[in-house]
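These notes are about the structure you will find just below.
Along the sequence shown, the residues carry numbers beginning at 1. What you are looking at is a predicted structure, and each value in this text was computed from that prediction instead of being measured.
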Amino acid sequence: MQESFIDSGVLFRQHQFDLPLNYSKKDGTRITVFAREVVELSKADANLPWLVYFQGGPGFPSPRPDSKSGWLKRALQDHRVLLLDQRGTGMSSPLTHQTLSHMDDAKQVEYISQFRADNIVRDAEAIREALGAEKWSILGQSFGGFCSLTYLSFYPQSLHRVYITGGVPSLTRHADDVYRATYQRVLDKNKAFFDQFPSAQRRCAEIAEFLRTRDVKLPNGQTFTVEQFQQIGINLGRSGANLPMYYLLEEAFTETAQGKVLSVSFLQAMLTEQSYQTNPIYAFLHEPIYNQGEASVWSAHRIHNAEYAEFNYEPGKPFLFTGEMVYPWMFDQMQNLLPLKQAAEALATKSDWPALYDVKKLAENTVPVTCAVYADDMYVEMDYSRETLKGIPNSRAWITNEYEHNGLRADGERILSKLMEMGEHIGNLPS
């Protein structure tokens, strides 16, 4: 494809970097990391400061934006932007069931273990040096915010400003604490949805019972189960989610000569929801992104069974959606995850994960850090975000209930403008 192109007065330039899979074995396997530079064409030759974007996930590529919209529109006013496809995503040596298929279980575990925030940040540092940037600013959305605090822990000298939206993690808590909090938020979102659409409770129970008593196939031939259906509740943590969810449920059934069945369009939508099929990093590392010298041991599954059994569907009881959780049964049910079950089990019990944060170094921070913390965030617990920021000098939080977790996508120009303005008033560093 083209090395560069112009659209609506904006220059897009592609970059590819040859980097180590494992930075402790630099002579070993190499991977390609892709990043897209975006700059106003009229400023392409100017000495603009860099702003690097870290996407949420884990396991999803940087956005493919149009030229001037949302947060990018604001960023391009005074920055050269780098949209980083984090390792294993997009065009950065993508990690899929296909690329893992030739490896045995042990090799799969060794390979997948290299795709956490610590190595994402090491990649970014190597890219910074390759581009000749003395310092740059970073913007992290959701898991990208986790990466941002890892970056601030390892390489604070390379950072000018840090902006985080919906992604300030706990620095020390076990994944169990995270899921105890987020299950409660999921209950809140269920209540809000079913309060708004009481008939949806009956429809969901009808769908669940249909799935429980029949062998329903998704378009890829995979059996569709109640547990899979519950997982579409992940959408309830995004702004404006309730109405599309209602419309989806409204059209779930269709009449045929054999009677009522789940419609083809509904089943296709359900398959599309299963991003784990094409982005297995999300399934493999969703819990290990919290692990530092400990194992998660299927944290969300254990907390579900021990403390939130109300999420188990039973006829006659209220139906509940689950949220952004990963479960071991997914590797028994989801077609593209089936051959990866042993690797998933090994990763769930792996305890020798290295540290992701340096609490002592963060306690001495001098880099301005500004964060949008969403009071009603279903994915990232506000109280844990506040707890973290108390231990990081020169950090400020804008705590708001105006947005859900996807605030940056919903109103990015305003949110980034707010964080940039806040950053100008922190410390004595030059703007």
Could you check whether any side-chain heavy atom of [X] comes within less than 4.5 Å of a side-chain heavy atom of [Y], counting everything from C-beta outward?
X: Ile426; Y: Thr370; value: yes
X: Arg122; Y: Phe154; value: yes
X: Met420; Y: Tyr163; value: yes
X: Asp78; Y: Leu48; value: no
X: Ile399; Y: Arg386; value: yes
X: Tyr403; Y: Leu408; value: no
X: Val33; Y: Ile127; value: yes
X: Ile232; Y: Thr322; value: no

Would one find more than 12 heavy atoms of other residues, nucleotides or ligands at under 6.0 Å from atom [atom1] of [X]?
X: Glu134; atom1: CD; result: no
X: Asp27; atom1: CG; result: no
X: Gln157; atom1: CD; result: yes
X: Arg409; atom1: CZ; result: no

SB check [X] [Y] (cutoff 4.0 Å):
X: Glu294; Y: Lys350; answer: no
X: Arg414; Y: Glu402; answer: yes
X: Asp85; Y: Arg64; answer: yes
X: Asp188; Y: Arg185; answer: yes

Carefully, step by step, assess Lys189 and Glu404 under the rule salt bridge (charged side-chain N to carboxylate O under 4.0 Å, His left out). CA-CA 11 Å; Lys189 298 301 183 184; Glu404 295 285 352; 2.9 Å; yes
Nearest non-hydrogen partners of [X] and [Y], listed with the distance:
X: Glu324; Y: Gly57; value: OE2-O, 4.1 Å
X: Arg203; Y: Leu249; value: NH1-O, 2.8 Å
X: Cys147; Y: Ala117; value: SG-CB, 3.9 Å
X: Ala375; Y: Asn401; value: CB-CB, 4.1 Å
X: Glu287; Y: Val326; value: OE2-O, 3.8 Å
X: Leu236; Y: Met378; value: C-SD, 4.2 Å

Full working for side-chain contact (heavy atoms from CB on, under 4.5 Å) between Leu171 and Glu387: CA-CA 9 Å; Leu171 302 178; Glu387 179 182 85; over 6 Å; no
At what distance, to the nearest 0.5 angstrom, does [atom1] of [X] lie from [atom2] of [Y]?
X: Tyr290; Y: Leu285; atom1: OH; atom2: CG; result: 12.0 Å
X: Phe115; Y: Ser92; atom1: CZ; atom2: OG; result: 9.5 Å
X: Leu419; Y: Leu139; atom1: CG; atom2: CG; result: 8.0 Å
X: Leu337; Y: Gln277; atom1: CG; atom2: CD; result: 5.5 Å
X: Ser93; Y: Arg87; atom1: OG; atom2: CZ; result: 9.0 Å
X: Ile112; Y: Leu100; atom1: CD1; atom2: CG; result: 5.0 Å

Any chance you could lay out the ring pair (Phe, Tyr, Trp, His ring centres under 6.0 Å) test for Tyr282 and His286, step after step, and finish with the verdict? CA-CA 5 Å; Tyr282 192 63; His286 195 266; 4.9 Å; yes
Strictly distance-based, threshold 3.5 Å: is any side-chain N or O of [X] a donor or acceptor partner for the main-chain N or O of [Y]?
X: Asn394; Y: Asn365; answer: yes
X: Ser296; Y: Ser299; answer: no
X: Arg80; Y: Ala44; answer: yes

Candidate pair Met325 and Gln230, rule side-chain contact (heavy atoms from CB on, under 4.5 Å), full reasoning: CA-CA 11 Å; Met325 290 85 177; Gln230 288 178 292; over 6 Å; no
Is it true that [Y] and [X] share a donor-acceptor pair across their side chains at a distance under 3.5 Å?
X: Ser158; Y: Glu125; result: yes
X: Glu40; Y: Ser42; result: no
X: Tyr53; Y: Arg36; result: no
X: Gln55; Y: Ser62; result: no

ring-ring contact (aromatic ring centres under 6.0 Å, His included) partners of residues 333-379, not counting sequence neighbours, each pair once: Tyr379-His405
Could you list the donor-acceptor pairs under 3.5 angstrom formed between side-chain atoms of residues 5-13 and any protein atom two or more places apart in sequence or on another chain?
{"from": "Asp7", "atom 1": "OD2", "to": "Ser67", "atom 2": "OG", "distance (Å)": "2.3"}
{"from": "Arg13", "atom 1": "NE", "to": "Glu37", "atom 2": "OE1", "distance (Å)": "3.1"}
{"from": "Arg13", "atom 1": "NH2", "to": "Glu37", "atom 2": "OE2", "distance (Å)": "3.1"}

Test side-chain contact (heavy atoms from CB on, under 4.5 Å) on Thr150 and Tyr155; report intermediate values, then the result. CA-CA 8 Å; Thr150 300; Tyr155 306 106; over 6 Å; no
Looking at Gln231, Gln333, Gln222, which hits side-chain hydrogen bond (donor to acceptor under 3.5 Å, both in side chains) with Gln274? Gln222
Full working for side-chain contact (heavy atoms from CB on, under 4.5 Å) between Phe17 and Asp123: CA-CA 9 Å; Phe17 303 90; Asp123 291 342; over 6 Å; no
With Phe321, the ring-ring contact (aromatic ring centres under 6.0 Å, His included) member among Phe229, Phe311, Tyr183: Phe229
Applying side-chain hydrogen bond (donor to acceptor under 3.5 Å, both in side chains), can you list everything that pairs with [X], at least two apart in sequence or on another chain?
X: Arg30; value: Asp18
X: Arg180; value: Asp177, Glu307
X: Tyr111; value: none

Run the numbers on His304 and Tyr327 for ring pair (Phe, Tyr, Trp, His ring centres under 6.0 Å), then give the verdict. CA-CA 10 Å; His304 176 175; Tyr327 301 100; 5.7 Å; yes
Could you give the side-chain donor-acceptor pairs of residues 239-247 under 3.5 Å, partners two or more places apart or in another chain?
{"from": "Ser239", "atom 1": "OG", "to": "Asn406", "atom 2": "OD1", "distance (Å)": "3.2"}
{"from": "Ser239", "atom 1": "OG", "to": "Asn406", "atom 2": "ND2", "distance (Å)": "3.3"}
{"from": "Asn242", "atom 1": "ND2", "to": "Gln196", "atom 2": "OE1", "distance (Å)": "3.1"}
{"from": "Tyr246", "atom 1": "OH", "to": "Glu250", "atom 2": "OE2", "distance (Å)": "3.4"}

